[in-house]
Amino acid sequence: MSLHDRSWVWNPDWNESRKETSAGGFVHFRREIDLEKRPSRPIFISITADTRYKLYINSKFVHHGPVKGDSQVWYYDELDIQPYMKAGKNIIAVRVLRLYHGTRFGTSFPRMPLGGLRIQHIRDSNDPPISFSIETNDSWKTAVDRSSFLPIIEDDMFLHIFEAVDRRNDCKLRWTSAKPHKIFNAFGLVSPWKLSPRQIPFANFRPAIFSAIHNIRSTSNDAEVVDWQACLLAHPSNRTPVRLAAGTIHHVELEASHHLTAFMSFLFERPENPGAEIKITYSECYEDVPDNPQFRQKADRRDTSKKLLGPYDTFILGGRIHEQEDPSSAYHKSGEDMVIFEPFHFRTFRFIAIDIAVNADSDLIFHGVEITRTNYPLDILAQFSPGGQHVTLPVQKLWETSILTLENCMHDCYEDCPFYEQLQYAMDTRSSALFTYYLSGDDRLARQAITQIRNSFQPSIGLTASRAPCEHHQIIPNFSLFWICMVADHYLHYGDMAFTSQFLPVCDAVLDSFRRRLDPDLGLVRCYDTDGFWDFVDWTEAWKPRGIPPAGNRTGFQTFSSSLYAYTLNLIAPAMEAYGRQGVAEEYKQRAAQVAASIRQHCFDGKYFTDGLAGSALNSEYSQHNQVWAILSGAIMGDEARQLLSKTLSRHDLTTPSIAVSFYTLRALSVVGGGLYNLHFNDFWAPWVDQLSNNVTTWVEDHVSQRSECHAWGSAPIYEFVAEVVGLKPLEPGWRSVSFKPRLTLFETMNSKVPIPIRGSSGMAVAHVRWERKGDDIAGVTIELKKGAENLRIPIALSHESGEDEVVISPFTRDFRIQ
C-alpha cells in the first residue's frame with residue numbers, strides 16, 4: 001500500500017503570484033487516447049480541480065465544476081464520458097482556472113495552497129473494466145496560458161473572475177509533462193483536499209438571445225442599425241455577420257428580456273492581422289454615475305440616456321499571420337477561420353456594452369454572441385393563481401419576478417447576489433431555502449448550505465462564519481443564529497432527524513456563545529467590544545453605512561440581538577426535544593422566556609421597544625425592527641402585541657426595515673392574528689410594485705444602497721402567497737400533519753398548488769387548493785393531496801377567518817370542503 005497520494009497533478013511552470021494586479025490565471029491539460037473502436041459501455045470518471053475546471057472531449061464541452069468546497073470538504077463530479085468518445089484519436093482537454101492562494105481576491109472561491117487537477121476512473125462502475133486510462137499522472141501534458149489572466153478592476157470587489165486576454169504575443173503553449181503532487185497520507189495524515197462526491201444535481205443550460213439594441217455609435221457608417229440587429233438580435237441559425245472596416249471604432253449596447261446568469265461566447269472571423277480590441281461591459285441596469293459606487297442612483301432601469309456600469313472582459317485578437325497557436329482550439333470546433341472568446345465563468349447581466357476598436361490593417365467580421373443561461377435545476381411545482389374582480393395587485397408579476405430572482409441566485413450554492421458577490425450568507429440563505437421548499441420541495445441545495453456554513457464554525461469563538469464557503473472568514477454574530485433557524489426550518493419541513501442531529505451540537509455551541517454574552521444584571525446580550533466582528537442588523541438609511549443601530553454602540557446592547565437570540569432558542573427547541581434532549585429543549589425555552597422578559601423590562605419604554613436600553617433612548621433610536629422582533633421573541637404577546645404592531649405600521653418616523661427584513665414583519669403580522677395580516681397585505685407590497693414600475697425584472701438588494709439588482713431575499717411573495725394566503729404549513733415535522741389556514745378574504749377565487757415532501761417515500765406530493773367566494777359567501781374550499789395518481793391521507797388542522805378560529809383534525813380526502 002502506497003504511503004503517498006499521487007492522483008493530483010499540476011503544472012511545474014505555474015507561478016503562484018501574490019501581485020496586486022491579478023487574481024489568478026489559467027492552466028491547460030491535455031491527453032490523447034487512440035481507440036480501435038468507439039466504447040459501447042459507460043465510462044465513469046471522477047473529476048475535480050482547484051480552483052475550477054472545464055472538461056472537453058474532442059472539442060465538445062462535457063462539464064464544469066467542481067461545486068465550491070473548502071478546507072473541510074472538497075467536491076468532485078462523477079461523469080460518464082462514453083457519449084463523447086469515438087474511434088481513432090480522442091483528445092481529452094481540461095482548462096483549469098486557478099485563483100491565487102493567500103490573496104484578498106476572489107472571495108467567493110475557496111482554494112487550497114496547491115493548484116491541482118484530479119481525474120480517476122470509478123472502477124466499480126466500469127464493468128467490464130475499460131482498456132485505457134485517462135487518470136491524471138505524468139502522461140498528461142500541461143501548459144500555462146500566458147495570454148490570459150484575471151485583472152483587478154475597479155468595478156469588481158469580490159469575484160475577480162473577469163478576464164484580460166491578449167492573443168498577439170506569447171500565445172505559443174509550452175507543453176510539458178504534468179507533475180503529480182506527492183501527498184503523504186499515511187498514519188492518519190490527510191490531503192489538503194478532503195474529497196466528497198457532489199451533493200447537488202448538475203446545472204441546467206438554456207439558450208437565450210438579446211431582445212433589443214441601443215446606443216449604437218461608430219466612426220463608420222458601413223455598419224447600419226439593421227446590420228447590427230441581424231448580427232446580434234436574430235436567432236443563431238439566422239444570423240448575418242457584420243463587417244467592421246479596418247481602423248473603425250464601434251460601441252453597441254444590448255438588452256436581454258430579463259436579468260440573466262449565462263455563459264457567453266463572442267464569435268469573430270480570424271482577421272489577417274492582430275490587434276483588434278474588444279471590451280465587454282456587463283451591467284444590471286441603466287443608472288446615473290454614482291459618487292460612491294456602494295450607493296447608487298437608479299430610476300427607470302431601461303432609461304437608455306443613462307450609463308451602463310459594471311465589470312468587464314477585454315479581448316485582443318491575434319491574426320492569421322502572427323497567430324502561433326490558439327489556446328482555445330481544443331475547446332470548440334471553430335476551425336482555423338474562426339476565433340471565439342468564451343469567458344470561463346458565467347456572467348451576470350441584463351445589459352452589456354460591446355466596444356470594438358478594429359485594427360488599422362484588417363477588417364473584422366463579427367458573427368455575434370451566443371448566450372447559454374445556467375442555474376440550479378429548480379423544478380417548480382408550486383402554482384399561485386388567484387382571481388376576482390377586485391384584485392389590484394400585479395400578483396402574477398410579483399410571483400414570476402420572485403421566481404426569476406431566486407433562480408438567478410442559485411447555482412452551485414445559494415448566492416446573495418450573482419452580479420457582485422456570489423456569496424452564501426446565512427441570513428439570505430435562510431429566506432432563499434424557505435422559498436425553495438415552497439416552490440419545489442427540493443432541499444438538496446439547502447442541505448448543502450447548512451453543511452457548508454456548519455463547516456465554518458470556529459470553536460474558539462463559538463460562532464459560524466457569516467458566509468460559507470468563502471476564502472475570507474467574516475463574522476456577523478447574528479448570522480450564526482440565522483443558520484440555526486435554517487436547521488430548525490429544515491427539520492420542520494422534512495423531519496429528517498438523521499440529517500438534523502449532526503448539527504445540534506454546533507447549534508448548542510453557538511447558543512452558548514450568546515449565553516456567555518448575557519449581562520448578569522440585565523439579562524440581555526451584550527454587544528462585542530471588538531471591531532473584529534460586524535454587528536450588522538439591516539441596510540437602512542438611518543443605520544448607514546454599516547447597517548448597525550447606533551444605540552448598540554452607545555449603550556452596549558442591541559435589542560435586536562437579544563430578540564433574535566430568544567426567537568432562535570424557541571425555534572430550535574422542538575428539534576432538540578425530538579432528538580431526545582428534553583432537558584436541553586426545556587432549558588432553551590426557559591432561557592428564551594427569561595431573555596424576552598429582560599427585553600420587556602429594559603428595552604420597552606411603555607409604548608415602544610427601543611433599539612438599545614430604554615432608560616437612555618434617544619428619539620432616533622426607535623425602529624419598526626424592534627417592535628417586530630419583540631413580538632417574534634415573545635417579549636410582547638396577544639392583544640398588546642397586535643396593538644403595538646398596528647401602531648408601528650402606521651408610523652413613518654420609525655426606522656423602517658429593508659426588503660430583506662420585511663420578511664419578518666410579515667411573520668409578526670401572521671403571529672399576532674386578528675385580521676392584521678389581511679388588513680396590511682395589499683399595501684405591504686408597495687415597495688415591490690414600485691420596483692416593477694421602474695422596469696426591474698428581479699428584486700433589488702435594498703433601497704438604501706440600490707447596489708444589486710438581483711437579491712433573492714426580496715422573493716418573499718413566494719412564501720407569503722403559498723404559506724400564508726393559500727395557507728399550508730407543516731404542523732408536525734416532515735408534514736406528518738398539516739396546518740391549513742386559507743386567507744379566504746384576500747382573493748375571491750383560488751386555484752393553486754403546493755409541493756409537500758413526504759418522508760419515507762420517493763417523489764413529491766402536491767396539494768391542490770381551490771376556493772370561490774362571492775361577497776361574504778364562501779362557496780367552498782377544496783384541497784386535494786396527491787402523489788402521482790395516489791390520493792394521500794394526512795391529518796390536517798384547519799382554521800379559517802369566519803368568527804373564532806375552529807380547529808378540526810381531519811384527513812385529507814379527494815374533496816375536502818369547508819362550508
Side-chain angles (χ1 to χ4, degrees), residues 7-17 22-33 45 47-66 77 79 81 84 89-101 106 109 111 114-119 133-151 161-181 263 265 270 313 315-318 323-336 338-345:
S7 61
W8 288 82
V9 299
W10 195 234
N11 186 294
D13 299 328
W14 173 260
N15 177 27
E16 193 76 3
S17 174
S22 174
F26 300 93
V27 178
H28 303 283
F29 290 87
R30 184 179 176 123
R31 177 78 187 276
E32 294 186 8
I33 300 290
I45 65 168
I47 178 171
T48 189
D50 191 339
T51 307
R52 310 281 277 183
Y53 75 85
K54 281 187 174 181
L55 170 65
Y56 300 81
I57 298 179
N58 297 322
S59 299
K60 292 183 178 179
F61 171 73
V62 178
H63 191 65
H64 71 98
D77 297 310
L79 310 171
I81 62 171
Y84 302 91
K89 184 171 73 171
N90 292 265
I91 298 177
I92 319 296
V94 184
R95 189 179 185 213
V96 175
L97 163 64
R98 171 62 179 172
L99 289 159
Y100 299 134
H101 183 262
F109 304 94
R111 55 270 191 185
L114 303 172
L117 170 68
R118 184 183 189 271
I119 300 175
S133 172
I134 64 166
E135 292 188 346
T136 42
N137 52 39
D138 58 8
S139 65
W140 279 74
K141 298 299 181 182
T142 179
V144 176
D145 186 346
R146 303 182 190 282
S147 68
S148 305
F149 72 103
L150 307 178
I161 44 81
F162 298 92
E163 301 176 27
V165 181
D166 187 344
R167 295 281 168 78
R168 292 174 300 179
N169 303 305
D170 200 20
C171 285
K172 184 173 179 59
L173 297 177
R174 298 175 177 85
W175 292 100
T176 186
S177 295
K179 182 179 179 180
H181 290 308
F263 288 104
S265 297
R270 193 181 303 279
D313 294 308
F315 181 56
I316 303 177
L317 281 73
E323 189 83 2
Q324 297 172 313
E325 182 175 3
D326 185 347
S328 66
S329 60
Y331 306 133
H332 48 74
K333 290 184 177 296
S334 60
E336 294 183 358
M338 290 290 293
V339 58
I340 299 176
F341 171 51
E342 292 182 336
F344 185 93
H345 193 65

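Bear in mind that the values here come from a model prediction, so they are computed numbers and not experimental data.
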Who are the side chain to side chain contact (heavy atoms under 4.5 Å, CB included) partners of Phe149, not counting sequence neighbours? Ser22, Pro151, Ala164
Residues passing the side chain to side chain donor-acceptor pair (under 3.5 Å) test with Thr136, sequence neighbours excluded, are none
Do Tyr56 and His332 come close enough that some side-chain heavy atom pair is under 4.5 Å? no
Under the 3.5 angstrom rule, does the side chain of Arg111 hit a backbone N or O of Phe109 as a donor-acceptor pair? yes
Could you tell me the separation between the NZ atom of Lys179 and the CG atom of Asn11, rounded to the nearest 0.5 Å? 10.5 Å
Minimum side-chain heavy-atom gap Thr142-Pro12 below 4.5 Å: yes
Applying side chain to side chain donor-acceptor pair (under 3.5 Å) to Asn137 and not counting sequence neighbours gives Ser139
What pair of heavy atoms forms the shortest contact from Ser147 to Arg167, and how long is it? OG-NE, 3.4 Å
Using 0.5 Å steps for rounding, measure from the CG atom of Asn90 to the OH atom of Tyr84. 13.5 Å
What one should report as the nearest heavy-atom pair of Arg95 and Ser148 is NH2-OG, 4.3 Å
Ignoring hydrogens and angles, tell me if any N or O in the side chain of Trp140 forms a donor-acceptor pair with the backbone of Ile134 under 3.5 Å. yes
Within the 4.5 Å heavy-atom criterion, are Ile119 and Glu135 side-chain neighbours or not? no
Using the test side chain to side chain donor-acceptor pair (under 3.5 Å), find all partners of His101 that sit at least two apart in sequence or belong to another chain. none
Phe26: which residues meet the ring-ring contact (aromatic ring centres under 6.0 Å, His included) condition with it, sequence neighbours left out? Phe344
Going by heavy atoms in the side chains, are Leu150 and Tyr100 under 4.5 Å from each other? no
Does some side-chain heavy atom of Val94 sit less than 4.5 Å from a side-chain heavy atom of Leu117? yes
Would a distance-only check, ignoring hydrogens and angles, find a side-chain to backbone donor-acceptor pair under 3.5 Å from Ser59 to Tyr331? no
Would you call Ile45 and Leu55 a side-chain contact if the rule is heavy atoms closer than 4.5 Å? yes
Taking the side chain as every heavy atom from C-beta outward, state whether Asp145 and His28 have any atom pair closer than 4.5 Å. yes
For Asp13, the side chain to side chain donor-acceptor pair (under 3.5 Å) test, sequence neighbours excluded, returns none
Check side chain to side chain contact (heavy atoms under 4.5 Å, CB included) between Pro343 and all other residues, then give those that pass, not counting sequence neighbours. Glu163, Met264, Phe266, Tyr282, Asp313, Phe341, Arg347
Side chain to side chain contact (heavy atoms under 4.5 Å, CB included) with Asp77: which residues, sequence neighbours excluded? Ile47, Tyr53, His63, Pro66, Leu79, Arg198, Phe202
Which residues satisfy the side chain to side chain contact (heavy atoms under 4.5 Å, CB included) test with Ser177, sequence neighbours excluded? Lys141
Non-neighbouring partners of Trp10 that pass ring-ring contact (aromatic ring centres under 6.0 Å, His included), sequence neighbours left out: Trp14, Phe29
Does a donor on one side chain and an acceptor on the other come within less than 3.5 Å for Ser7 and Arg118? yes
Between the side chains of Ser17 and Asn15, does any donor sit under 3.5 Å from an acceptor? no
Using the salt bridge (charged side-chain N to carboxylate O under 4.0 Å, His left out) rule, collect all pairs that involve residues 49-62, keeping only residues at least two apart or in two chains. Asp50-Arg98, Arg52-Asp412
Evaluate the side-chain proximity of Arg30 to Ile91: yes if any heavy-atom separation is below 4.5 Å, no if none is. yes
For the residue pair Ile340 and Ser265, what are the closest heavy atoms and their distance? CG2-CB, 4.1 Å
